[in-house]
2 protein chains.
Amino acid sequence: MPRVGLTRERVVEEAAVLADEVGLGQLTLAALAERLGVRQPSLYKHIESLAGLRRNISIQAKGELGNVLLRAAVGRSGADAIHSMSRAYRTWALEHPARYAAAQIVAGPHDEEDAAASLAAIAIITDVLIAYELEGDDAIDAIRAFRSTLHGFVALEAEGSFGLDVDIERSFERMIRGFVTALTNWTETIATHDGGR
Amino acid sequence: MPRVGLTRERVVEEAAVLADEVGLGQLTLAALAERLGVRQPSLYKHIESLAGLRRNISIQAKGELGNVLLRAAVGRSGADAIHSMSRAYRTWALEHPARYAAAQIVAGPHDEEDAAASLAAIAIITDVLIAYELEGDDAIDAIRAFRSTLHGFVALEAEGSFGLDVDIERSFERMIRGFVTALTNWTETIATHDGGR
DNA sequence: CTCTTAAGCTATGGACATTAGCTAAAAAGG
DNA sequence: CCTTTTTAGCTAATGTCCATAGCTTAAGAG
C-alpha cells in the first residue's frame, strides 16, 4: 500500500479541476478518488464530507475570483476599471464554470471563513464603484445592479442560453457600456416605485 | 390496492410544487412518491426518469413564465412595458424558485418541444424591446443585456447573495430604470472593443 | 359478464456517500 | 538503527436513491 501523499489542498484543487470539467453538480467522490489514485473512503482522511468539500471549493473559488478582480482593477479607475474588471470576471467565470458556480454559494450565517472570502471578493467591486462618488444606499443599489449585470450575463452565456449566431463578446462590451451610462446618471434615476403603472 | 389515479400532469405539477419547496436539486423521486401516496417505482408509469421529470418541469415552467410575462406586457409599450414585465418576472421567479431554475435549463439541440417553450418565453421580451426601434444586432445585444440584468438580479436575490439590510425592491426598480436609460441611448453605445485599455 | 389494458406493487440491482475498524507506512524520539 | 506513535489508505458494511423486471388486480371496452 504505497502512500499517494495526499493533502487537503491537493484534494480540493483536484476536485475543483474535476468539477470544472464535469460540472459542480456532477462532482462525485468516487470519480475524484479514482482520479487521485485512491479508494473512495480514503478521501475522508482529508475532507469531512462531500458538502464539506464543496464548501472548500467555494471558499477557494471566492479567493481566486477576488484575486482576478483585484489584478484587473489595480491602477485603474472609473469606466476603465469597470471594463477591465468586467472582462476579467467573465473570462475567469467561463474558464472555470464550476468554480464560478461554487463562488455563488452563500454559506450559513455562522461560517466566518466563507463570509470573509465572499466579502473580500465583493469589496473589490465596491471599491471600484465608489470611485463614482456614490454614497450610502446609492452605492449599494449600484453595486447590486453591477453584480446582477455581470452574473446574469455570465450565467446565461455559460448555460448556452444565448443563441449561437451573434457575437457574444460584443454584446458583453455593449452591456457594460450601457451600465456605465446608467451609472453616470445614477443619482437621477430615483425609483418612484410606480414605474409607469 | 386502491388506485390513486395519477396522471403525468399531476405528477409533474406536484413535482414542481415539491421542488419549489426543497429546491430543484433536492427533488427526489422517493419524496415525490411519498407525497403522492404511491411507491417509488410506480412513478415510472408516468415519467421516463428523474431527468425526464426535470425536463417536463422545465418545459412547463418556461410556459408559465412566458404567460406571466405576456400578461404583464399586454396593452403596454416602451418603458411602461419593461417595468411591468420586469416586476412580473422577478415576482414569479421568487415565488417559484425551482420552476425558475428549471426554466433556465437549456435542452439538447434536438428537443423541439423544449426549444419551442424557450422561444415563446423569450419572444415576449423580444417584442417589448423591439418597440425601441432597435434592429438586427442592436436588438439582440439589448435583449441579451436585458435578460442578463433580470436573471442576474433574481438569481442573486434568490440565493441570498445580497446583504439583508437595504431595500431590495428599490434596488431592483433603480436597476430597471438604469437599463431603460441605457436602452434609450443604445445606438450611441457602440463597443469599440478596447474599452479604455 | 368477459377480456384487455395499464396502474401500482414487490423484489432486486447498481451507484454513491458515509462510518467502523484494520494495517502498514511514515515520522518522532531515543 | 531500533522502538513507538501517528495516520494515510484499505476492506467491509450500511443506507439512500434511481432504475428495471415481473406480478397482480383495478378499471374500462365490448
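Chain letters run A, B, ... following the sequence lines, proteins first and then strands; every chain starts at 1.
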Over how many whole Å does the gap from [X] atom [atom1] to [N] atom [atom2] extend?
X: B:Q40; N: C:dA7; atom1: CD; atom2: C1'; answer: 16 Å
X: A:K45; N: D:dT7; atom1: NZ; atom2: P; answer: 10 Å
X: B:Y44; N: C:dG8; atom1: OH; atom2: P; answer: 16 Å
X: A:R39; N: D:dA13; atom1: CZ; atom2: C1'; answer: 15 Å
X: B:R10; N: C:dG8; atom1: CZ; atom2: P; answer: 10 Å
X: A:H46; N: D:dG9; atom1: NE2; atom2: C1'; answer: 8 Å
X: B:L29; N: D:dT16; atom1: CG; atom2: C1'; answer: 12 Å
X: B:L43; N: D:dA19; atom1: CG; atom2: P; answer: 11 Å

Short side-chain N/O contact to D:dC10 OP1/OP2 from A:S42, under 4.0 Å: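 Result: yes.
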Nearest listed nucleotide, side chain of [X], among [options]:
X: B:R3; options: D:dA12, C:dA6, D:dA19; answer: C:dA6
X: B:A30; options: D:dC18, C:dT10, C:dA17; answer: D:dC18
X: B:V38; options: D:dA12, C:dG8, D:dA19; answer: C:dG8
X: A:T28; options: C:dG8, C:dA17, C:dA24; answer: C:dA17

Flag if over 12 foreign heavy atoms under 6.0 Å of CD, A:E14: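 Correct, the count exceeds 12.
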Cation-aromatic face contact A:R90/A:F172, 6.0 Å, 45 degrees: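 Flagged: A:R90 positioned over aromatic ring of A:F172.
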Ring geometry between A:Y100 and A:H151 (parallel below 30°, tilted from 30 to 60°, perpendicular above 60°):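 If you compare the ring of A:H151 with that of A:Y100, the planes turn out tilted.
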Between B:F162 and B:F153, ring centroids under 6.0 Å: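 Distance test on ring centres: under 6.0 Å, yes.
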